[in-house]
Amino acid sequence: MDNKDLYKPRRPLPTPGAIPAQRPNTPTPGASTSVAPANFYGMNKAPPLPTRPNALGTSHTAYLAPEEPPSYDPSYREPELITEESMFEEPMPDLIPNNNWDDKNGTNYGGWDSASQWDYNAGSSWTQEGGDRKGYSTVAAKAAGDILIDARDDYEEKNWWNASVRHKCQRPGPGMLPTVLSDELHDTEHSLFSVSATVPDIKSHQSALPPTPTPSNLSRADQTSTPPPARAAWTTTPSSPPPTTASSSHDTSSIPPTEDDVRTSIPHPNAYYCPKENGWVILSWKSSSVIPPLAGSFENLPHLPLPDQDRRKKVDSCIGDAQQPFGQTNKTHHFHKYEKAIDSHKLTPPFRQEEWEAMENVKQRRRGQTIVMDDIDIENLSPEDLDMADREDVEEEGKLLDLYMCCQCSFYCVVSSVIPGVIPRKSFDEFIRDKRNNPQPGRTGEQAVALGFETLIMIIENKLWKGESRLLRANRSSFQSKVGWNSNIKRIFDALGFVEEVYDNEIALRPPSTDINTPEGRMHRRKLLRAWVEISAWVADFRRIFASHFKAPGPRSFTLHVQLSSAREMYQEAIGAHPDQIPRGELSDTLRTALQPFSKAWHDLGLTPMSYTPELLGFGYYAQCRCDPAGTVNYFSYLSDILNVMIELGNCPPSLQEILLTERSRDRFTTEDLLSAIKVLGFGADGPLCVEYDDADIPESFIENAWRECVKKSWKDQENGAAQLRDATQAFKILAEARGSIALRGIWDSGKDKVMNPDRAYDTLEVPKDVDEFMLITIYNMRMEESPSQLEKMREAMQVIAEVRDSERLRQFIATGRDPGEIVVLTRPDLPRGLNQLGNTCYLNSLLQYFYTIKELREAVTPMSKLDLKSVEDEKLSDDDLKRHRVGGRLVTRREIIRSKKFINQLADLFFNMEYSETAAVTPTIELAKLALVTSRDEEEDEADKGGTDSSNDTDATLVDDGPTLPTLTEAPPRSPQSLTRSPNSVLGKRPRDNERQPSTMDLDSPVPQSPSEGYASLPSLRGSNSPPPMSQSSSSKLPEASSSMSQADIDGDVVMRATSAPTKPPPLPPRKSGSDSVMMFGKQHDVAECMDNCMFQIETALLKFDGVDESQGEGSDKTSVVKRLFYGKIRQRLTGHQQTRSSIHEKEDLFSHLPVNVIEDGVDIYDGLSGYFDDVVEFDGEKRRMEVSLVDLPPLLQIQLQRVQFNRDTLQPYKSQAYVKFGETIYMDRFMENADPQKKTHAKLIQSELNSCRDRVRLLLEGKDGPYSSALENTKEFLAKIDDSYVEPDSELISHLNDESNRVKAEIEELRKRTDCLKEELETIWQDNTKIAYELTSVFIHRGSSPSWGHYFFYSRHLPGSPDSWFKYNDSDVTVVSKDEVLADTTGSTANPYLLVFARKGSEVVDTVKRFDPTMLDLS
């Protein structure tokens, strides 16, 4: 059943802001004065309603439309609200004589127990601040963003964080605006109704009896002849049984209820009926300068302060000009809730539970052993027993009601929870379901429900007004068809007081006794009257909702004797929440949808999204901050969240933006700002402090020290130091206020403008920044002698300089007053050692540090420090010995073996120093750098250019392929040297040896070249057409002389390399210079991947064993070499044509050491990049072929190269792609394996193909050949629109077409981006369960620079296995600890980008980052 109110046309509202009556007033001609409280219910009866048919109890009922209401006699008026004399003020006189609404014990609940209640909380005036503040400054409307609000105090709002200030001000806490109060008063899905009932026109069987004795016709002696019952009954029956005399010997059990009985059957004059709950809610409101009497339990328990009563007395109501004699000062009410603050016994008139309700409570308390009455049978508890219990607990509180008090005016509201009806709601609802689901033939479910309840009404009317006491036969067909019989029906009649009996073997129901001479009779009489009103009200509402089912009234229609009036508009008008007072629906649908996640923000600001207006939102924010200063951070966060959404959607009123900016200028901060401040100071598991922030656990001194450490760090950053200092100081203030710490706030106040920075420190000591430490100490001592009064200032300046320089010498001088001289500072023993740069060797340093972190490789290299190089050179190896091994797919020469052993010997010495050195950095030898950077081929060709070399040690196994090389799968017919198309041998197979050397065009960060070790597939993806084609099959070129052409480095060690343009035809080789200067080639443009391959080739060659080995230890055994075991895996390549015949399909397996990812555009992740390599289209035999690659075997260390050097075919110049490629700590390779699910692979390829197409289209629209299409269209349109020339008239149609085209392009881009996100999510969903082959990120190589021809390299390594969440940053000689956030950061807009990622198989433990000698582990015994 729909429980929402179906409003009838609204009646005209009263004067805006005026408090409406709690009952609808009936206009009375000639009446101009208010009804006195004594006549609240009237002395004269209202004219009776039209008579109903006399034939009651028939089996047919129909709805009879009400006639026009009769005109009332001028002497009769319905209740109306009294302006001042209401339920909580001065004692009210008797309403009407002996109407029993007063307490029968003579207790006057209209008055209060003590005068103290009149002055409650009088001492906690809001206008007191430290005993000196004399009231609030009413903030002007302009200062509050044109929002009416008063009682704001600037001092208090600035010190919202100070608990002592809050305690002095005694604000009432969080509040709410009228719209939220309207929702809280009662469930918004339910309806409340004011119920008026009249006596039905039914002739009783006892109509000839004498009049019913009432208190008015009883003598005083009669009224006091019997002691009144202890319980106060809300009935019109006599308080004591009438005397049994001859004149009153009639049967009083069937005296029909009077008009007063019917009227007072409603629980309370201010009770409203809820059909959904089948219960009542007491709801009252008023404006009064005196607060209502509070319940004792509320006063004795801790609670928020009540609003300042002195301030409240000044204004009757916040709404309506008539209520505010000095003009409106607040936008609307601001209510504060006090739960269970009002005792229903202190209401006027009091509300007390009926006996049947109290009996149930006594039973429950008795079962809970809260009262002790051993002589009472709980299950058969009677009203007399209840009186006995009441006498033992007369001071017990009644039902506790909630109080809502406006802090700005005298208005307040009192509301109860639901008071249950006679029939329990569960039984009520079950009865409705049963009747609706099982209607009688010819009736709808709704009609069956109404008929069932109407039958119950008729049964009660027959008992009360006809005096019918006969048994009800439950088995009779009429009863069964209308009501039925089951366990639920039995519970309903039990609740009404009927008793089940067996009569003539049939179930019968005996009506309860309603004799007014017995307590049970009086109780059952009131219970049946209450049930009669409740059921009638429910049926009336039911008929209203389902009026279409009751359109045809008949002659035997059932007439109800209650009238309902919706209370919602009435109480909304009273509290100021009516739609005419606060408009609804000003938020657009778009905004309302976007703000749905912020329901808590709306509620805590005290309003609802539907009631939003800019003024109301601003008022709600200011009012909450005023009344609940401790919640300022939350309220500002809520306001910011809401306004940020509005600003983002371009629909934020200027007045609210002004509030936001004003509050920011007052140093307001949000919860997000607080979290950022915590991070700025170094807290968090990933922060420098490695400590999670917690208010309770972190001492204030620790926070202060964290701030000071941040200040010191800012001194060392020349570029961003000022910003870091500002952020740290602001973060310190935020934490101080969030903690409410007066001490920390005081430290901030005293230090915010006095923090000594490096510039101020040098100025204080009057020394230049480059002064040496000896001279600095000398000058410091001189200054101290000249100005001893400046001791503290000078000392602070010296401390700052010591920290900036990180000088242990200066620190010791400050501590002891003596100059300790030069100090060699020992680096932390557990910190890895850096490598000093020899000149343009930053990339080599990164590579050597990387090799050192690999445990098995380090352990294989370290013993080679004892290698006897003299014996190696003297060793004679036969051709058979040399043919036993192949490295990189070819035989090696004796010369290469000797060279490689020299390299590994030098590398072992370096590893030894990195383990045992006490200095912060180690310097590699020149010989090691030469062997690492210069390949054996370069060396041989260089010597050949000088006139030859001694090759007596060389054999037939030279630097050429062993025998004729079989054509690779991708070999194509020979091409012209001038062709710019990609060499076919760059896809698969070996690279042939060239006799003619050509200069390399790109050596920095270029696609992986072929080094002497490369007989393996370690080549770039060919998907991107922008990748540069190789200019030659050689990867090296003659370098300039080291003395004259050495690349210069910047102050950070950035390698400045000279790039050569890519010619369409290789230029002739320049003449070579004679001499040995070219042997050291640090200035050459080296490719990092080539350097890595050269080192790996020499390590593998140096570790070859020629003593007692067989063929199985040669090339045929892939995993005998430590290099192969660690770095090499196996792939299967499949090349197919358009027609997939056997002859058109080529397959080959190869080893690989790197997986290339072509980096062209933003918005891709590592999986997208790898997909382009594993499924690509290449050119073969003059046609496009599909190249599919899959993984057969993976190595422990997986190296993924991000190929950032791209080639611009328009300018014929290389460039570095700065695109961000997203990667995480873990990568799963399951999807790329040979044995991956074929169906998933096929599905994923289709999605990936569409994904690539969408991205290519977006890139085309955003970039184009000559610039972004959208921008070009916009610029053209604007240019044409600005033309104002009489000779040239712009074509308006063209401008319109350009505008349409621009909008179409923007819409297409937006749609493509959405589709891209959807496809990417769908793609990841396919593989989300394939996580068996997991690899963890261990190393990240970074290149910083905007050009592929120069830049700086550094390297991150994860601290494994001990601290996986910590990372080391190797920047040549500097090694520092950083967080993983820095490693995984989005590099969009930065020139420092990853170019090589290294992952280790999960659980392989191949990486041991820190290998340092620990003296404490020595056996001292």
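If you're wondering where the values come from, they're calculated on a predicted model, not measured in any experiment.
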Does a side-chain heavy-atom distance below 4.5 Å link [X] with [Y]?
| X | Y | value |
| --- | --- | --- |
| Ile1333 | Met1233 | yes |
| Glu1336 | Arg1401 | no |
| Met1092 | Met1096 | yes |
| Lys901 | Ile898 | no |
| Tyr1128 | Pro1195 | no |
| Ile1227 | Leu1337 | no |
| Leu1198 | Met1229 | yes |
| Thr1338 | Phe1399 | no |

Measuring from atom [atom1] of [X] to atom [atom2] of [Y], what distance do you get when rounded to the nearest 0.5 angstrom?
| X | Y | atom1 | atom2 | result |
| --- | --- | --- | --- | --- |
| Asn1094 | Ser936 | CG | OG | 7.0 Å |
| Ile854 | Leu1197 | CD1 | CG | 5.0 Å |
| Leu1170 | Asn1158 | CG | CG | 11.5 Å |
| Asp1193 | Glu1149 | CG | CD | 10.0 Å |
| Asp1093 | Ser1153 | CG | OG | 5.5 Å |
| Asn1235 | Ser1190 | CG | OG | 9.0 Å |

Main chain of [Y], side chain of [X]: is a donor-acceptor contact present, judged purely on distance under 3.5 Å?
| X | Y | answer |
| --- | --- | --- |
| Gln1199 | Leu1155 | no |
| Asn836 | Ser1373 | no |
| Ser917 | Met914 | no |
| Asn905 | Met864 | yes |
| Asn1371 | Asp1374 | no |
| Arg1185 | Val1178 | no |
| Thr919 | Ala921 | yes |
| His1359 | Val1377 | no |

Within a radius of less than 6.0 Å around NZ of Lys1369, do more than 12 heavy atoms belonging to other residues, nucleotides or ligands occur?
->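 Counting neighbours around NZ of Lys1369, more than 12 heavy atoms of other residues, nucleotides or ligands fall under 6.0 Å, so yes.
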Is Glu1405 atom CD crowded by more than 12 heavy atoms from other residues, nucleotides or ligands, each under 6.0 Å away?
-> no
Please name the pair of heavy atoms, one in [X] and one in [Y], separated by the smallest distance, quoted to 0.1 Å.
| X | Y | value |
| --- | --- | --- |
| Ala860 | Pro863 | O-CD, 3.6 Å |
| Lys1411 | Glu915 | CE-OE2, 3.4 Å |
| Asn1330 | Tyr1228 | O-CB, 3.9 Å |
| Arg1358 | Trp1367 | N-CE3, 3.3 Å |
| Ala932 | Leu844 | CB-CD1, 3.6 Å |
| Thr925 | Leu838 | O-CD1, 3.9 Å |

Run the side chain to side chain contact (heavy atoms under 4.5 Å, CB included) check on Val887 and Phe1097 step by step: do they pass?
-> CA-CA 7 Å; Val887 178; Phe1097 169 80; 3.4 Å; yes
Geometric class of the His1352/Phe1354 ring pair [parallel <30°, tilted 30-60°, perpendicular >60°] = tilted
Ring center gap for Tyr1370 and Phe1355 short of 6.0 angstrom = yes
Centroid-centroid under 6.0 Å between Tyr1173 and Phe1232 rings | no
Please test Leu835 against Leu848 for side chain to side chain contact (heavy atoms under 4.5 Å, CB included), starting from the C-alpha separation and ending with a verdict.
-> CA-CA 9 Å; Leu835 294 179; Leu848 296 177; 3.9 Å; yes
In plain terms, say whether [X] and [Y] are close enough for a salt bridge, that is, a side-chain N and a carboxylate O under 4.0 Å apart.
| X | Y | result |
| --- | --- | --- |
| Lys1380 | Glu1225 | yes |
| Arg1132 | Asp1150 | no |
| Lys902 | Glu927 | no |
| Glu939 | Arg899 | yes |

Give the intermediate values and the outcome of side chain to side chain contact (heavy atoms under 4.5 Å, CB included) for residues Asp1408 and Thr853.
-> CA-CA 5 Å; Asp1408 183 17; Thr853 64; over 6 Å; no
Check each of Tyr1353, Phe1368, Phe1341, Tyr1356 against Tyr850 using the ring-ring contact (aromatic ring centres under 6.0 Å, His included) test, and report the only one that passes.
->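 It is Phe1341; the other options fail the test.
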Is Arg1231 positioned over the aromatic face of Tyr1167, cation under 6.0 angstrom from the ring centre and no more than 45 degrees off axis?
->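 Flagged: Arg1231 positioned over aromatic ring of Tyr1167.
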For Tyr852, is the NZ or CZ atom of Arg858 found under 6.0 angstrom from the centre of its six-membered ring and inside 45 degrees of the ring axis?
->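 Because its charged atom sits under 6.0 Å from the ring centre and within 45° of the axis, Arg858 does stack over Tyr852.
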Of Leu1202, Leu1384, Val1383, which is the lone residue that meets side chain to side chain contact (heavy atoms under 4.5 Å, CB included) with Pro1394?
->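 Answer to the side chain to side chain contact (heavy atoms under 4.5 Å, CB included) test with Pro1394 among Leu1202, Leu1384, Val1383: Leu1202.
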Would you mind telling me which of Thr1409, Val1398, Val1340, Val1375 makes a side chain to side chain contact (heavy atoms under 4.5 Å, CB included) with Ser1357?
->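 For Ser1357, the side chain to side chain contact (heavy atoms under 4.5 Å, CB included) test succeeds with only one of Thr1409, Val1398, Val1340, Val1375, which is Thr1409.
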Can you tell me if [X] and [Y] form a side-chain donor-acceptor pair at under 3.5 Å?
| X | Y | answer |
| --- | --- | --- |
| Thr935 | Asp938 | yes |
| Glu896 | Thr1101 | no |
| Asn1393 | Lys1216 | yes |

In sequence, state the C-alpha distance, the side-chain angles, and the governing distance for Leu910 and Leu928, and then conclude on side chain to side chain contact (heavy atoms under 4.5 Å, CB included).
-> CA-CA 9 Å; Leu910 178 67; Leu928 175 63; 3.7 Å; yes
Let me see the working for His1343 and Tyr1395 under ring-ring contact (aromatic ring centres under 6.0 Å, His included), right down to the final yes or no.
-> CA-CA 7 Å; His1343 172 260; Tyr1395 73 90; 7.0 Å; no
Option among Lys1241, Arg1134, Arg1186 that satisfies the salt bridge (Lys or Arg N to Asp or Glu O under 4.0 Å) test with Asp1175 =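 Per the salt bridge (Lys or Arg N to Asp or Glu O under 4.0 Å) rule, the option paired with Asp1175 is Arg1186, out of Lys1241, Arg1134, Arg1186.
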